[in-house]
Amino acid sequence: MILHLGDDVSVHGKDIVAIIDLTQSQSAVTGAMLAEIRRQNRILARQGIVAKSAVICAGARCAGGATENPRVYLSPISSVTLAQRAHERAYPSAIREAPEEADV
């Protein structure tokens with residue numbers, strides 16, 4: 001599954017580790033993690049975008065299952081929309097098989 005993050009950027013769904021909402025206040029741990037990733041120059045974003053979410057992706061896979069150089073993509077699309085897109089692509093039959101709501 002490929003997930004479009006906006007601004008002509010797409011990632012493989014299997015590489016997504018987390019989707020973080022940047023429009024809400026962050027915990028100290030999340031803020032420190034993002035600051036460290038920024039310090040290591042692993043955040044990828046185009047100039048001029050207003051980031052609403054951060055998508056943390058695993059890096060290159062090595063022997064033994066370890067990953068190197070994980071990346072964080074900043075996206076102008078909300079974390080809720082990205083999560084819905086990822087869920088719809090991962091579980092398409094669950095969307096189609098959902099029961100219809102009865103009219104009240």
Side-chain angles (χ1 to χ4, degrees):
M1 161 193 76
I2 302 290
L3 182 64
H4 181 252
L5 304 180
D7 202 36
D8 294 329
V9 176
S10 297
V11 298
H12 288 280
K14 66 181 180 181
D15 292 336
I16 296 173
V17 175
I19 300 173
I20 300 172
D21 185 355
L22 296 179
T23 63
Q24 302 294 318
S25 61
Q26 304 297 312
S27 71
V29 173
T30 303
M33 177 193 67
L34 290 173
E36 178 63 17
I37 290 170
R38 182 173 279 121
R39 186 189 69 76
Q40 294 176 4
N41 200 28
R42 291 187 289 150
I43 292 184
L44 304 172
R46 293 210 180 164
Q47 294 291 331
I49 71 160
V50 176
K52 295 181 182 177
S53 59
V55 179
I56 301 174
C57 293
R61 286 173 175 69
C62 301
T67 59
E68 293 182 356
N69 299 321
R71 300 279 185 216
V72 175
Y73 296 88
L74 298 183
S75 173
I77 300 173
S78 77
S79 60
V80 173
T81 300
L82 291 174
Q84 286 174 344
R85 286 181 184 179
H87 182 77
E88 287 171 1
R89 286 183 177 89
Y91 304 104
S93 62
I95 304 300
R96 287 190 295 264
E97 294 174 5
E100 296 287 327
E101 288 186 29
D103 291 330
V104 181

Practice prompt. Find out if a path of hydrophobic residues (ILVMFWY) with successive side-chain heavy-atom gaps under 4.5 Å connects I16 to V9.
Written response: yes

Discussion item. Just verifying a value: how many Å separate I2 CD1 and H12 NE2, rounded to the nearest 0.5 Å?
Written reply: 4.0 Å

Worksheet entry | Shortest non-hydrogen separation from D21 to K52 and the atoms involved | OD1-O, 3.5 Å

Discussion item. Side-chain heavy atoms nearer than 4.5 Å, only ILVMFWY residues, links allowed to pass through others: does that put I20 and L74 together?
Written reply: yes

Practice prompt. Is it possible for you to say whether I56 and I19 belong to one hydrophobic cluster, with membership spreading through side-chain heavy-atom contacts below 4.5 Å?
Written response: no

Worksheet, complete the sentence: For S53 and S79 the tightest heavy-atom approach is CB-N, 3.8 Å

Worksheet item: Do L44 and L3 share a hydrophobic cluster, counting only Ile, Leu, Val, Met, Phe, Trp and Tyr and linking them when any side-chain heavy atoms are less than 4.5 Å apart?
Response: yes

Worksheet item: Are side-chain heavy atoms of R39 and E36 found at a separation under 4.5 Å?
Response: yes

Item to complete: For residues V11 and R71, determine if any side-chain heavy atom of one lies less than 4.5 Å from a side-chain heavy atom of the other.
Response: no

Worksheet item: Any sub-3.5 Å donor-acceptor pair from Q26's side-chain atoms to Q24's backbone N or O?
Response: yes

Discussion item. If hydrophobic clusters are built from ILVMFWY residues whose side chains come within less than 4.5 Å, do V55 and L34 share one?
Written reply: no

Worksheet item: In the hydrophobic cluster built from side-chain contacts under 4.5 Å, what are the other members alongside V80?
Response: none

Practice prompt. Taking S75 for its side chain and G6 for its backbone only, find out whether a donor-acceptor pair lies under 3.5 Å.
Written response: no

Worksheet, complete the sentence: Distance col, row L82:CG vs H4:NE2, nearest 0.5 angstrom, shows 10.0 Å

Practice prompt. Starting at CD1 of I37, measure out to CZ of R42 and round the result to the nearest 0.5 Å.
Written response: 5.0 Å

